[in-house]
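Taking it in order: structure first as C-alpha cells, then the write-up.
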Amino acid sequence: MSLDKKEQLSPVERIKTSSRGLRGTLTESLTDAHTGSLRDDDQNLLKFHGMYQQDDRDRREERSEKKLEWLYSFMIRLRLPGGFLRADQWLGLHHIAGEYSTGTIKITTRQTVQLHGILKSHIKPTIQSFNTLALDSIAACGDVNRNVTCSAHPGESPVHEEVFTYADRISSMALPKTRAYYEVWLDEEKLAEHTEEDPLYQDRYLPRKFKIGIAIPPNNDVDVLTNDVGLIAIVENGELVGFNIAAGGGLSATHGNPSTYPRLATVLGFVPKGDDTLKAVYEIMTIQRDFGNRSDRKLARLKYTIDRMTVEGLKKELEARCGFKLQEARHYQFTSRRDHYGWKQNHKGLWYYTLFVENGLVRDDEKLPLKTAMYEIAQTGKCNFRFSGNQNLILADISDSDKEAIEDLFEKYGLGLHNQNNSAIRKNSIACVAFNTCPLALAEAQRYLPTLITKIEPILEKYQLKDDEITLRMTGCPNGCGRSPAAEIGLIGTSYGFYNLHIGGDRNGERLNIKYRDSLDESGILSELDQLLGLYASNRKTAETFGDFVIREKLVS
Amino acid sequence: MDARFKSFGGKALLPLRKCDVDYEADAKEWFDELLQILSKPSATAAQPVVKSTTIAAKPAGKKYYAAKVVTNINLNDRGSRKQTFHIELGTSEDIIYEPGDTIGIVPHNRAEVVNRILSLTGIDPNTEIQTAKVKASVKELLTKHLNICYLLSSTMKKYAGITGHEIPDIRMDLVDLLRIYPVKEASQFVEVIKTLLAIAPRLYSVASSPEAHGRQEIHITVAKDRFLAQDEQRYGLCSEFLGDLVVGSDVSFYVHKDKHFKLPAPEKDVIMIGPGTGVAPFRSFLAHRDATGATGRNWFFFGEQLFVTDFLYQTEIQNFLATGVLTRLDLAFSRDQQEKIYVQHRMQKHAAELYQWIKDGASVFISGTKDPMSKDVENCLLNIFKEQGQLNDEEANKFLETLRKEGRYGKDVY
Ligand SMILES: Cc1cc2nc3c(=O)[nH]c(=O)nc-3n(C[C@H](O)[C@H](O)[C@H](O)COP(=O)(O)OP(=O)(O)OC[C@H]3O[C@@H](n4cnc5c(N)ncnc54)[C@H](O)[C@@H]3O)c2cc1C
Ligand code: HEM
Ligand code: SF4
C-alpha cells in the first residue's frame, strides 16, 4: 500500500539508504579542515547521532563581510530515557559544558539536556567525555525514535519506578543497530565491511522523527498526547496493569500549508504490561516505517499516516502485526500537567525537590547562580537529577538524613525563594530555543518570553489572576518544539517580532488551542491578552480555566 | 635591459648574450671577455648622461597613483587577538602591476601626536619651512613628510647637539624626546625639524590580480603591528594609519616590482606557504590563475592562531577549493589545541608529496614574516629535501639554490 514511487522519494531518503548504516562520510567531514561545517549529506546523518549543525544567526552578516564563513557550531542532545542523571554524571556534564560548549546546560521539553555552540573539532572530545560517564546521544535526533519521556516525579506514584523501566526498555528496543556512533566518534574499529542488519529500521529508518511518551495519570506532565505514541499507565488496586496506547500526536505545522496541522494522539485501546506493550509500540513503528509518506517530509509524521489509513485501519494493521487484539481502553483521568514545585516525599520516604528553571536554562546569571548551585549540590553526592517535561529540575532520591544538607545549600544560593518569587504564569510557561541558533526560527522565543511575561504579569495582577496556573507557550515557528499548540495561550512566531495568538487549549493537554489573532506585535499581544483576561476574570465560572472559558464563550471555534 | 640601455643611447661593449637555466659556462666566458675589455685603459667609456629631475619630493622613477579607499574591513572576527585589514584602493587610471608585486605607501603621522608636538614646542603650525626636499607648513611637514617615530640614533645625536641636553644613546619618538628633553623655544625646534628624515614608505604585498579584480583597483592585507615600548601597548605607524582609514579617504601609493616572486607558466605547479598576512600575494596568485584558467596545480599552506576568528579570506579560499583552482589546502591553527602547530609541521606531514611536486617542476613561494616563520619554513624545506631526496646538507642547500636560480623559489618576507 506504500504510495511512494521510487522517483518521488525525498532527497533525505537517498541519504539514509546510501549511508552505510548512518556512517556516510562523517569521518571525512570531520577532517575537512577548511570549514567548521559538515558536508551536506552528513549534516542530515549527524542528527541520527544526536546532533544538529547550527550557526549563530546573529553573526551571519558580519562574518560574511569579514570573508569568514558562518559561525557553525553543533548542538548535542543526550539520550536520557525518562530524564535521569546521577550526581557524578551531572558533575561531568557541568565540566563538559564548560570545556566545549557555551557553558549553558539546556533542559529540553523532552526531559533531556542539550549543549550548544560546540565547534566541529570539539565534537569528538565531547562525545568521548560523555562516553566515560556512560552517556550517549545516539538517536536523540533524526528519523528514529527520539528520547523516550516518562512522568518525571517519582514522588507522585508508587508505580513510578516500574513505569520508568518502560522508558528504558523502549529506548533500547528502538535503538538503531548500527555501530556507526562508536566508529565515527569513539574510534571503535570497524570489524567487518558489511553494514549491520536492522529489522526495525532496515536501511531506510523511519520517514520522519518519532516520539514516545509515558504518562502516569492523574498528571500529564509529559504532554503524552503530543507524542507519536503515548502510553498512559493504568493502575488498578495500586498495581500497574498495563497501558492505554495512543497514537498520532504531533504538533508541527507549516505556515500557509493547510495540509499540515497539529494533532493530539488518539487512544487506540489497552494493552497489558510486559512484552505486549513493547510489541504494540514496536509494531506501530513498523507500520509507520512501511506506510509513512517518504516523498513529502512535511506530511511524513505518523499523524498523517493514521489520518490517511484511518484510526480503524491502523488498529487492524496493528492487531494483525501483533498477533493479538487491543482491549477496550481503560478509564483514566488527567487533572494536571504541571510540576509540583518544592519538597515532596514518596512512599518509600525519599525526598524530591522540584526547582523552577526558566526556559530550562541552567547557567549562572545576575539573578541566580543556578549552575554553580547545582554543581555544589551534585558534589555532595546526596541526590540524583531528574528533568521534567516542563524543563524543570528535580533533585531526587534524597534520604531524610541528607535533606538538611541540601536545604543548607538552597539557603546559600537563594533557591527556595527563587521558586516562590516566580509567578504562576512564569512557572507554567515554555519557550523553544529559536534565535540565535535554530535555523528555522522566524521569531524570538526563549530569549524574549521572559521579558514578555514581565509585561503580562501586571495585567494578571490587575485582574487578581496572578495565582492562576494559566499555561503559556511560545515558539519561534509553527514547528511547535515548545508545544505551543497544546497550551491555553500559544504564541507562534510568524516573522521577526510578530506572533499568531492561539487560545482555547485546555489546561491538561487534551485539547489543542485555536488561532485567535494573526501576526501581533508586542503591544498587540498585550492589548489582546488584557481584554481576554479581563473578560475571564469577570465572567468565568468557579474553577473554570482560561482555556475552557474561551471555548465556552465561543471566543474561538 | 639591453633595449632600455640602447634607447638611452648606450653602446654595448660586448654583444648581448642570452642564457637560460644552464647559464654558468656562457656567463663565465662573457665575464672574462668583459674584464679584458674593462682592464684596457683606453676603454671607450661613454660620458654619463645625467638627466636633471624636477620632481623633488618623490624618489625618481616612482610613479605615485592617487587612490581612494573603497573597502576597509578587519578580517579577524570578534575575540581574536589580531587585527588584519583587507583594504581595496580604487584609482581612476589603470594601475600597472602584476601578482607578486608590492605597493609602497607613505603613512601620515597621527594627528594627536602632531598636535602634542605643536603644543610642546609652542611653534605656530603655519610656519613655512624649507627642508631638504619640501617646503611646507610645520603642521603639514610633521603630518605627511617627516618621520617623528622611533628616531634613529644619528637623529637623536643631532637633537642633543641642537638642544644641548645630555641624552643617552637610545631611540625614541620625537614627542617623548620633546617631553623629557624640551626645546628652549620655537626657533630651536625649526632647527630640529631640518634634521628629521622623510617618512619611509612601507611595502605591502599586492593581494589582487588585474585579471580578476580589474586594473583600477588594488588590494592589500595589512596586519596591525603591535609592540610594547616603555611598557605601553603601541601600534606600528603605517599599519595603524591604514587600519584607521575610512572608506573614501585619499591615499597615494607606488608599485614596487618584484621579479623574483612571479607566477611560473600557467601549466606549472605552485606551492604557496603564506601564514598570516603571507596570504596576500597568494590570494593574488590564486585569483590570477583562476581568472586566466591556468592549468597548473596549486597547493596552499596557511596558518594563524585560531580557526574560528583568524582564517583570513576563508570564504574565498573555500571557493578556490570548491572550484578546483586550489588543488590542496593545508591549515595550521597554532592555538586551537594544546600543542602549537605551524605551517612547517603541515609541510613535514606531507613531505613525500611536497617533494614529489617539486621534483615534478613545482615552484615554491614563501610569504609572511621573516622571523621566525620564513626561516623555520626554509629549514623545513631543506629537511624535506634531505629526507626525501637522500641528500646531505650541502646537496640540499644546492638544490634550493638551483630552484632559486630557476625562479622556482621566491620569498616575500618581512
Ligand atoms: C616586501 C615586503 C612586503 C610586505 N608585505 C606586507 C603585507 O602584505 N602585509 C603587512 O601587513 N605587512 C607587510 N610588510 C610589512 C610592512 O611593510 C610594515 O613593515 C609593517 O606594516 C609595519 O609597519 P608600521 O609602519 O605599521 O610599523 P613601524 O611603525 O614601522 O614599526 C615597526 C616596528 O618597529 C619597532 N618600533 C617602532 N616604533 C618603536 C618605538 N617607539 N619603540 C620601540 N620599537 C619601535 C617595533 O618593533 C615595530 O614592530 C611587507 C614588508 C616588505 C618588506
Ligand atoms: C650596468 C649593469 C647592471 C645594472 C644597471 C643592473 C641593474 C640591476 C637591478 C636594478 C637589479 C634589481 C632588479 C630588481 O630587483 O627588480 C638587478 C638585479 C640583479 N642583477 Fe643586475 N645589473 C647590472 C649588471 C648585472 C650583471 C653584470 C650581472 C651578472 C650576471 C647581474 C646580475 C643580477 C642578478 C643576479 C640580480 C638579481 C639579484 C637578486 O637576487 O635580487 N646584473 N640588477
Ligand atoms: S519551534 Fe521552530 S523556532 Fe522553535 S526550536 Fe522548534 S523549529 Fe526552532
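Side chains are part of it too, since the values below use all heavy atoms of this structure and drop only hydrogens, waters and symmetry mates. Keep in mind that this is a model prediction, so the values were computed, not measured. Letters A, B, ... mirror the listed sequences (proteins, then strands); counts begin at 1.
Proximity to chain B is limited to the side chain of A:L71, based on heavy atoms less than 4.5 angstrom apart. Of the atoms belonging to B:L321, it is side-chain heavy atoms, and not backbone ones, that fall under 4.5 Å from chain A. Contact of B:L75 with chain A is made through backbone and side chain together, with heavy-atom distances under 4.5 Å. When heavy atoms are compared at a cutoff of 4.5 Å, B:F302 does not approach chain A at all.
With sequence neighbours left out, the side chain to side chain contact (heavy atoms under 4.5 Å, CB included) criterion links A:C438 to A:L440, A:A441.
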Counting backbone as well as side chains, what donor-acceptor pairs lie under 3.5 Å between chain B and chain A?
{"from": "B:N74", "atom 1": "O", "to": "A:K66", "atom 2": "NZ", "distance (Å)": "2.7"}
{"from": "B:N76", "atom 1": "O", "to": "A:K66", "atom 2": "NZ", "distance (Å)": "2.8"}
{"from": "B:D77", "atom 1": "OD1", "to": "A:R59", "atom 2": "NH2", "distance (Å)": "2.4"}
{"from": "B:D77", "atom 1": "OD2", "to": "A:R59", "atom 2": "NH1", "distance (Å)": "3.4"}
{"from": "B:D77", "atom 1": "OD2", "to": "A:R59", "atom 2": "NH2", "distance (Å)": "3.3"}
{"from": "B:D77", "atom 1": "OD2", "to": "A:R63", "atom 2": "NH1", "distance (Å)": "2.8"}
{"from": "B:R78", "atom 1": "NE", "to": "A:E62", "atom 2": "OE1", "distance (Å)": "3.3"}
{"from": "B:R78", "atom 1": "NE", "to": "A:E62", "atom 2": "OE2", "distance (Å)": "3.3"}
{"from": "B:R78", "atom 1": "NH2", "to": "A:E62", "atom 2": "OE1", "distance (Å)": "2.6"}
{"from": "B:V308", "atom 1": "O", "to": "A:R63", "atom 2": "NH1", "distance (Å)": "2.7"}
{"from": "B:V308", "atom 1": "O", "to": "A:R63", "atom 2": "NH2", "distance (Å)": "3.4"}
{"from": "B:Q314", "atom 1": "N", "to": "A:K67", "atom 2": "O", "distance (Å)": "3.1"}
{"from": "B:Q314", "atom 1": "OE1", "to": "A:E69", "atom 2": "N", "distance (Å)": "2.9"}
{"from": "B:Q314", "atom 1": "NE2", "to": "A:H34", "atom 2": "O", "distance (Å)": "3.2"}
{"from": "B:Q314", "atom 1": "NE2", "to": "A:E69", "atom 2": "OE2", "distance (Å)": "3.3"}
{"from": "B:T315", "atom 1": "N", "to": "A:K67", "atom 2": "O", "distance (Å)": "2.9"}
{"from": "B:T315", "atom 1": "OG1", "to": "A:K67", "atom 2": "O", "distance (Å)": "3.1"}
{"from": "B:E316", "atom 1": "OE2", "to": "A:K67", "atom 2": "NZ", "distance (Å)": "2.9"}
{"from": "B:Q318", "atom 1": "NE2", "to": "A:H34", "atom 2": "O", "distance (Å)": "2.8"}
{"from": "B:Q318", "atom 1": "NE2", "to": "A:E69", "atom 2": "OE1", "distance (Å)": "2.7"}

